[in-house]
Trainee: 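I have a structure I would like to understand better, so I am pasting it below and will then ask my questions one at a time.
Being a predicted model, the structure only gives us computed values, none of them experimental.
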Amino acid sequence: MKENNEPVTRSESQSFIESFIGKDLKDGKNRGKIHTRFPPEPNGYLHIGHAKAICLDFGMAKKYGGKCNLRFDDTNPVKEEVEYIDSIKEDIHWLGFDWEEREFYASDYFGKLYNFAADLIKRGLAYVDDQPADLISSQKGTPSQPGTDSPYRNRQVNENLDLFNRMNKGEFDEGSRVLRAKVDMNSPNMHMRDPIIYRIIKSPHHRTGSTWMVYPMYDFAHGQSDYFEGITHSLCTLEFEVHRPLYDWFIDQLKSDDYRPRQIEFNRLNLTYTIMSKRKLLELVQEEKVRGWDDPRMPTLCGLRRRGYTPESIKRFVDLIGYTKVEAINDVSLLEHAVREDLNMKTPRVFGVLNPLKVIIKNYPEGQVENVELINNPEDESMGKRVVPFSREVYIEQDDFMETPPNKFFRLAPGMEVRLKGAYIIKCEGFKKNEKTGAIEEVYCTYDQNTRSGGNASDKKVKGTLHWVSAQHAVDAEVRLYDRLFIHEDPAGQKDDDYRKFLNPDSLKILKGCKVEPSLRSARPLEKFQFQRLGYFCVDYDSTSSKPVFNRTVQLKDTWAKVNK
RNA sequence: UGUCCCGUGGUGUAAUUGGCAACACGUCUGAUUCUGGAUCAGAAGAGUUCAGGUUCGAGACCUGACGGGACAACCA
């Protein structure tokens, strides 16, 4: 919808996929309709790479007035489990997408697929091969050498039909026979060299039980399922590019009019300092390198959710990186930027002290408590204000005090003044130091009564403003700090080294004696906050009202930390 | 030694389909701030892998190199 001479803005630029779709629609292909599908195999949890596909599949359909199906690609009963199905559905909904009543399974089509295979046999386009896997494999040749025909390639139709039927009745052992499509053993494309389309598997299927003994391969199920569902655009990742000729070959055998689905491939999502392979993520879980699929360090959607990421931030990130055919590796800092941007607008500010250091305000009356008022979110006035108790003893961050500060240290040090945010300006008059360890144990200050925020002399300038928590009112909390899971930008891409070699030993730091403001006692799992000056934090599932647990989603940008390096 | 795909600042993407490279992240300044956040203003950083060709004109088209990736699972 470009108006007159408005310049083309970023948001209007389309990916190559969208251009293809737009052209197909304009050309009136498939009656000018768009229908997509998201086709996960239920063999693991969804990760942020899947989110990229989900956003495309559901996003394109929505944008162009079409529909998007959810289809579980469950053609291999030995790898798939029901537990994954529920988590996949939960994650898609969490992201904010809905397939309505269109929840399908490749296994819904086992009957149709079987009949289609039988039909191919009758047309002389498929045959049963009795050879073992290694022989079939070696006859396929190599990418640079053509294959050779199987001795069973010209088996009679009736024999093929009978054998295929008996394969499905369980008369033969797994691995003893397969059904192959008769395509072209000399094709430069390995996938066209008489691909196996059915194999015998006797383990029960999570949905069809032991109805079938014979199961279709991916290549024989995916395109056909698209066809059965009326899919117009079958969007998948780059590695399926070489499968496309086969996809088209089966559609050619299947189609009866001018409707046909079209496969388009785009680049996978890769992120720096993590891995995206389902197999490797499973290893991390099984080898207990992480605490589970939803460990906040994992790139899984449930992990990111637990870490405190919002669906909006993930969608925003996906939107920023785009869809191309270039195998790219995206910088996590862009993802982090996306959460900060979102959380900045949404989260209430609170005080939490991670490494407490007690400050005693010597001239503040003992036993006195004042309730100071603080703005919940300077970005959004509608979020209102809250009241926080202030008293003679408060905790500040250990990092906010230095005995001998460097230049430009705008915090507390002997003789220096700082503001305790929302309360008073205090001046450091002394401190107690453990002579053995050198640790600062207490800091002694005086406060200026006239400097209370909002008061007469409240506009007096000081260099620094600190967050704090009243000692007697503080709630003890556990805080889990996360760092990148790997110390290498591309841990899985190092040919000579196993990715495990690059695991970051300090990716998780658990802080036990943290002090947070009393309002946080009632925080519920998944609630998000900005701990002022520190970062964004999300309440963990392990949290209880007596002992809150917070996960740090991401730090605030910290220019001081950079200067300090 | 085959077939297919890809090659634009540090990173990810754009470039009205041939008109003298734009945006975001990151980086660095400065302003502002009761968050060293946010915000605001600004800067540095690529001449589009290379070499030819077509053209008045090429990041876009052609040819050839070079570099990266995918493909030889009874996985998806």
Side-chain angles (χ1 to χ4, degrees), chain A residues 2 7-10 13 15 19 39-41 43 73 75-76 78-80 129 132-133 136-138 140-147 174-180 187-193 196-201 215 217-219 221-222 236 238-245 265 267 272 278-279 320-331 333-338 340-341 344-345 349 374-375 378-379 408-411 418-423 425 451 453-454 458-467 489 530-535 555-564:
Chain A
K2 257 174 252 176
V8 179
T9 63
R10 172 79 177 85
S13 81
S15 68
S19 308
E41 182 187 16
N43 69 343
D73 225 332
T75 56
N76 186 354
V78 307
K79 285 175 67 185
E80 295 146 11
D129 196 326
I136 290 178
S137 167
S138 67
K140 277 199 177 171
T142 69
S144 54
Q145 286 167 291
E174 288 187 13
S176 65
R177 273 172 240 258
V178 291
L179 184 70
R180 293 228 256 167
S187 171
N189 183 336
M190 297 294 291
H191 295 277
M192 301 298 274
R193 323 242 260 232
I196 291 167
I197 59 177
Y198 263 99
R199 76 292 210 187
I200 299 167
I201 297 176
Y215 290 88
M217 299 283 288
Y218 166 84
D219 283 308
H222 202 96
C236 62
L238 248 26
E239 65 270 27
F240 292 101
E241 213 154 21
V242 281
H243 293 246
R244 199 192 328 144
E265 311 85 9
N267 62 346
T272 52
K278 260 194 206 178
R279 198 200 86 227
L320 287 170
I321 62 175
Y323 299 87
T324 69
K325 304 194 77 162
V326 184
E327 292 170 64
I329 173 154
N330 296 278
D331 199 329
S333 59
L334 187 58
L335 212 211
E336 292 174 345
H337 162 77
R340 287 197 191 99
E341 189 178 55
N344 181 41
M345 301 307 294
R349 274 57 173 170
L374 285 152
I375 292 169
E379 306 295 325
K408 294 195 175 179
F409 183 78
F410 303 151
R411 306 178 186 185
V418 292
R419 172 175 292 284
L420 294 178
K421 189 173 172 68
I425 291 175
T451 57
S453 295
S458 65
D459 49 354
K460 175 177 176 184
K461 298 285 183 218
V462 284
K463 279 184 187 165
T465 301
L466 308 185
H467 62 281
E489 268 200 3
Q530 184 196 95
F531 282 16
Q532 212 138 46
R533 301 211 298 136
L534 298 177
Q555 281 176 279
L556 248 34
K557 283 199 198 163
D558 188 351
T559 52
W560 169 246
K562 258 183 248 169
V563 173
N564 208 18

Trainee: Taking the six-membered ring for Trp, are His243(A) and Tyr218(A) parallel (under 30°), tilted (30 to 60°) or perpendicular (over 60°)?
Mentor: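 The rings of His243(A) and Tyr218(A) stand perpendicular, inter-plane angle above 60°.
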Trainee: Looking only at side-chain N and O atoms, does Thr559(A) come under 4.0 Å of OP1 or OP2 in G37(B)?
Mentor: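 For G37(B), OP1/OP2 do have a side-chain N/O of Thr559(A) under 4.0 Å.
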Trainee: Below 3.5 Å is the cut-off: list the nitrogen or oxygen pairs between protein and nucleotides 27-33 of chain B, distance only.
Mentor:
residue: U27(B); atom: OP1; partner: Lys562(A); partner atom: NZ; Å: 2.7

Trainee: Looking only at side chains, do Arg533(A) and Thr465(A) share a donor and an acceptor under 3.5 Å apart?
Mentor: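 No, Thr465(A) and Arg533(A) have no side-chain donor paired with an acceptor closer than 3.5 Å.
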Trainee: Would you indicate what Thr75(A) reaches in the nucleic acid, counting non-hydrogen atoms under 4.0 angstrom: base, sugar-phosphate, or nothing?
Mentor: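 Sugar-phosphate contact only - Thr75(A) comes under 4.0 Å of backbone atoms but never of a base.
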Trainee: Remember a base hit wins even if backbone is also touched, and classify Arg193(A) as base, sugar-phosphate or nothing at under 4.0 Å, heavy atoms.
Mentor: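 Nothing: the residue Arg193(A), judged by heavy atoms under 4.0 Å, touches no strand.
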Trainee: Please work out whether G47(B) sits syn or anti, treating a glycosidic angle within 90° of 0 as syn.
Mentor: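 Classified syn.
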Trainee: By the rule that syn is within 90° of 0, classify the base conformation of U17(B) as syn or anti.
Mentor: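 Syn, angle within 90° of zero.
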Trainee: Mind checking ring-ring contact (aromatic ring centres under 6.0 Å, His included) for His467(A) and listing every partner two or more places apart, or none if nothing turns up?
Mentor: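 For His467(A), no residue satisfies ring-ring contact (aromatic ring centres under 6.0 Å, His included) once neighbours in sequence are set aside.
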Trainee: Answer with yes or no whether His191(A) presents, from its side chain, a donor or acceptor under 3.5 Å of a partner atom in the base of A70(B).
Mentor: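 There is none.
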Trainee: Scan Asn267(A) against the nucleic acid and name what it touches under 4.0 Å (heavy atoms): base, sugar-phosphate only, or nothing.
Mentor: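 Since only primed, P, OP1 and OP2 atoms lie under 4.0 Å of Asn267(A), the category is sugar-phosphate.
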Trainee: Verify the contact: side-chain N or O of Ser137(A) to OP1 or OP2 of A73(B), cut-off strictly under 4.0 Å; return yes or no.
Mentor: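 Looking at the OP1 and OP2 atoms of A73(B), one of them is under 4.0 Å from a side-chain N or O of Ser137(A).
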Trainee: Using the side-chain heavy atoms of Asp558(A), tell me which of these nucleotides is nearest: C34(B), A70(B), G36(B).
Mentor: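 Given the options C34(B), A70(B), G36(B), the side chain of Asp558(A) is closest to G36(B).
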Trainee: Name the nucleic acid region contacted by Ala133(A), choosing base, sugar-phosphate or nothing; use a 4.0 angstrom heavy-atom cut-off, strictly under.
Mentor: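 Counting heavy atoms under 4.0 Å across all strands, the contact made by Ala133(A) includes a base.
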Trainee: Using a 4.0 Å heavy-atom cut-off, does Gly422(A) contact any base of the nucleic acid, only the sugar-phosphate backbone, or nothing at all?
Mentor: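 Base contact.
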Trainee: Counting any heavy atom closer than 4.0 Å, what does Pro146(A) reach on the DNA or RNA strands: base, sugar-phosphate only, or nothing?
Mentor: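 It contacts nothing in the nucleic acid.
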Trainee: NA contact type, Glu241(A), heavy-atom cut-off 4.0 Å: base, sugar-phosphate, or nothing?
Mentor: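 Since only primed, P, OP1 and OP2 atoms lie under 4.0 Å of Glu241(A), the category is sugar-phosphate.
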Trainee: Once you apply a heavy-atom cut-off of 4.0 Å, does Ser187(A) come out as touching a base, just sugar-phosphate, or nothing?
Mentor: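 Nothing: the residue Ser187(A), judged by heavy atoms under 4.0 Å, touches no strand.
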Trainee: Looking at Ser453(A), does any N or O in its side chain come under 4.0 Å of the phosphate oxygens OP1/OP2 on C34(B)?
Mentor: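 The answer is no; no side-chain N or O of Ser453(A) sits under 4.0 Å from OP1 or OP2.
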Trainee: Is Arg199(A) close enough to A73(B) that one of its side-chain N or O atoms is under 4.0 Å from OP1 or OP2 there?
Mentor: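 For Arg199(A), the contact criterion (side-chain N or O under 4.0 Å from OP1 or OP2 of A73(B)) is not met.
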Trainee: Does the side-chain ring of Tyr218(A) lie flat on the base of A76(B), meaning centres under 5.5 Å and planes less than 30 degrees apart?
Mentor: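 The base of A76(B) is not stacked with Tyr218(A) (the test needs centres under 5.5 Å and planes under 30°).
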Trainee: OP1 or OP2 of C4(B) less than 4.0 angstrom from a side-chain nitrogen or oxygen of Arg244(A), does that happen here?
Mentor: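 Looking at the OP1 and OP2 atoms of C4(B), neither is under 4.0 Å from any side-chain N or O of Arg244(A).
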Trainee: Regarding U1(B), can its base be found pairing with the side chain of Gln145(A) as donor and acceptor, where the two atoms are less than 3.5 Å apart?
Mentor: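 No pair found.
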Trainee: Has the side chain of Gln555(A) got a donor or acceptor that lies under 3.5 Å from a partner of the other kind on the base of G37(B)?
Mentor: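 Side chain to base: no pair below 3.5 Å.
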Trainee: Tell me the interatomic distance from His243(A), atom NE2, to C5(B), atom P, rounded to whole angstroms.
Mentor: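 Rounded to whole Å, this separation is 15 Å.
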Trainee: For the side chain of Pro143(A), counting heavy atoms from C-beta on, which of C5(B), C71(B), U35(B) is nearest?
Mentor: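 From the listed options, C71(B) comes nearest.
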Trainee: Whenever both distances are under 3.5 Å in a Watson-Crick or G-U wobble pair, mark it; put RNA chain B into dot-bracket that way, with [ ] for crossing pairs and | when the partner is on another strand.
Mentor: .((((((..((((.....[..)))).(((((.......))))).....(((((..]....))))))))))).....
Trainee: Distance from Leu179(A) atom CG to Ile196(A) atom CD1, nearest 0.5 Å?
Mentor: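 Atom-to-atom, Leu179(A):CG and Ile196(A):CD1 are 9.5 Å apart.
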